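First up is the structure itself, then whatever we jot down about it.
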Number of protein chains: 2
Amino acid sequence: MDTVKSKTSCTDYYSQKCEQILRDSGAKVTKPRLAVIKLLSTATDCLSPREILEEINLTSRKKSTQVIDQVSVYRILDAFLKLGLVHQVFPTGGYIACTHLNCKAGLHILIHCTECHNTEEIDIPGDIFSPLKWYIEQHKSFVPKNHLFQIDGTCMHCRKHDEIN
Amino acid sequence: MDTVKSKTSCTDYYSQKCEQILRDSGAKVTKPRLAVIKLLSTATDCLSPREILEEINLTSRKKSTQVIDQVSVYRILDAFLKLGLVHQVFPTGGYIACTHLNCKAGLHILIHCTECHNTEEIDIPGDIFSPLKWYIEQHKSFVPKNHLFQIDGTCMHCRKHDEIN
DNA sequence: TTAGCTGCAAAAAGTTTGCAGTTCC
DNA sequence: GGAACTGCAAACTTTTTGCAGCTAA
């Protein structure tokens with residue numbers, strides 16, 4: 001990733017990168033798609049299709065602009081998924097897939113507490129992944145595009161809580 | 001993992017390990033639960049709740065034993081999830097969570113082709129993960145229990161196919 | 001201009017809830 | 001015996017499909 005200074009410009013960077021990927025692939029850059037990209041690039045958490053719809057339409061209603069349809073959200077996410085723009089996770093331990101902007105995922109890893117379902121995204125030094133990537137390319141002639149590394153366990157807070165009970 | 005000789009005894013090993021976790025946690029070991037454990041421990045792929053139901057009841061009908069209910073499958077998977085017995089993945093790139101026996105995940109990694117949705121589980125030498133585990137424990141005081149490492153990309157077969165088009 | 005995208009309506013599939021009856025410990 | 005689990009029925013939510021109209025390139 002290029003060097004980015006502030007949080008605001010970082011968000012802009014993600015949006016523009018996604019827009020570029022859309023254009024390069026021949027897909028159209030429409031208002032609903034831009035709204036989804038904008039939301040995902042500013043979001044700190046991953047979002048369910050329902051949350052995406054509600055967030056976008058909340059903003060739209062405030063600005064009196066056109067709301068979007070739930071069906072479009074599904075279709076947009078499908079398209080983004082095929083382009084590798086987004087990723088899906090299960091932060092709640094349930095059955096609903098939440099979406100994550102993929103270029104934000106870079107060399108991140110999600111740590112997910114199975115007690116409180118708090119999910120945190122942490123940076124990992126790149127050299128930890130290099131051998132893994134190498135291994136997969138060598139042994140499987142498989143070209144890695146995105147990754148989803150999620151570690152489930154217990155966070156400090158919940159361990160303390162367990163000790164009391 | 002202990003040393004295991006044949007494929008059959010390996011499956012048995014998984015089943016017994018899961019059963020033990022159930023007992024230790026105070027949960028009851030019932031027939032529907034055992035059926036789910038058995039299925040997951042022999043399955044090569046991860047399975048959706050629907051697939052689990054159908055597989056189990058197919059076997060039950062052949063043997064003229066009691067079939068189980070879809071609702072029970074959901075409740076069993078919920079319970080197993082809370083105990084960390086299973087994991088969930090999105091092998092199809094869709095919205096349906098598929099379940100994976102967790103003790104089988106050990107030091108495996110899923111490689112998932114975004115073109116053909118073929119998912120393969122491969123072994124990775126343990127020493128590639130060690131630094132990662134260490135890093136997380138050190139920096140986050142987070143105790144890893146399970147992990148889900150999924151790498152999306154393009155398999156050799158689909159790359160060849162793309163070149164033709 | 002037109003291929004691709006969206007919105008609307010409706011159907012299909014998946015998931016949850018409540019409760020009575022059963023099973024395991 | 002009692003707590004935990006299951007099955008059944010029904011409600012609820014999520015996801016998909018078809019089609020007509022719109023829009024970015």
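Chain naming here is simple, since letters A, B, ... match the order of the sequence lines and numbering starts at 1 in each. If you're wondering where the values come from, they're calculated on a predicted model, not measured in any experiment.
Atom pair B/Ile76:CD1 and D/dT6:P shows a separation of 4 Å (rounding to whole Å applied). Rounding to whole angstrom units, CG of residue B/Asp69 and P of C/dG21 are separated by 17 Å. In this structure, A/Asp78 atom CG and C/dG4 atom P are separated by 17 Å, rounded to whole Å. Put simply, CD1 on B/Ile68 is 14 Å from C1' on D/dC8, counting in whole angstrom units. In this structure, CG of A/Leu34 is placed 13 Å from C1' of C/dC5, rounded to the nearest angstrom. The nearest whole Å value for the distance from the CD1 atom in A/Ile52 to the P atom in D/dT14 is 13 Å. Atoms CG (A/Leu77) and P (C/dC5) sit 14 Å apart, rounded to a whole Å. Following rounding to the nearest Å, B/Gln70 (CD) and D/dA11 (C1') show an atom-to-atom distance of 16 Å.
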Could you list, one pair per line, each protein nitrogen or oxygen that sits under 3.5 Å from a nitrogen or oxygen of nucleotides 18-24 of chain D, together with the distance?
from: D/dG18; atom 1: O6; to: A/Arg75; atom 2: NH2; distance (Å): 3.3
from: D/dA24; atom 1: N3; to: A/Lys28; atom 2: NZ; distance (Å): 3.3

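A sub-4.0 Å separation between OP1 or OP2 of C/dT15 and a side-chain N or O of B/Arg50 is absent.
The side-chain heavy atoms of A/Ile37 and A/Phe80, taken from C-beta on, include a pair separated by under 4.5 Å. Proximity of A/Leu77 to A/Pro49: side-chain heavy atoms (C-beta onward) are separated by under 4.5 Å at one or more points.
Across C/dG7, D/dG7, D/dC5, the shortest atom-to-atom separation from the side chain of A/Gln66 is found for C/dG7.
Taken to the nearest 0.5 Å, the CD atom of B/Gln66 stands 9.0 Å off from the CG atom of B/Asn57. Note that OG1 of A/Thr42 and CD of A/Glu55 are 8.5 Å apart. Values are rounded to the nearest 0.5 Å.
Checked by atom type and distance alone, the side chain of B/Glu51 pairs as donor or acceptor with a backbone atom of B/Ser48 at under 3.5 Å. Judged by distance alone, the side chain of A/Ser64 and the main-chain N or O of A/Ser60 form no donor-acceptor pair under 3.5 Å.
Within the structure, every pair that satisfies the side chain to side chain donor-acceptor pair (under 3.5 Å) test and touches residues 19-34 of chain B, not counting sequence neighbours, is listed here: B/Glu19-B/Arg23, B/Gln20-B/Asp24.
Contacts of A/Ala79 with the nucleic acid, taken as non-hydrogen atoms under 4.0 Å apart, are absent.
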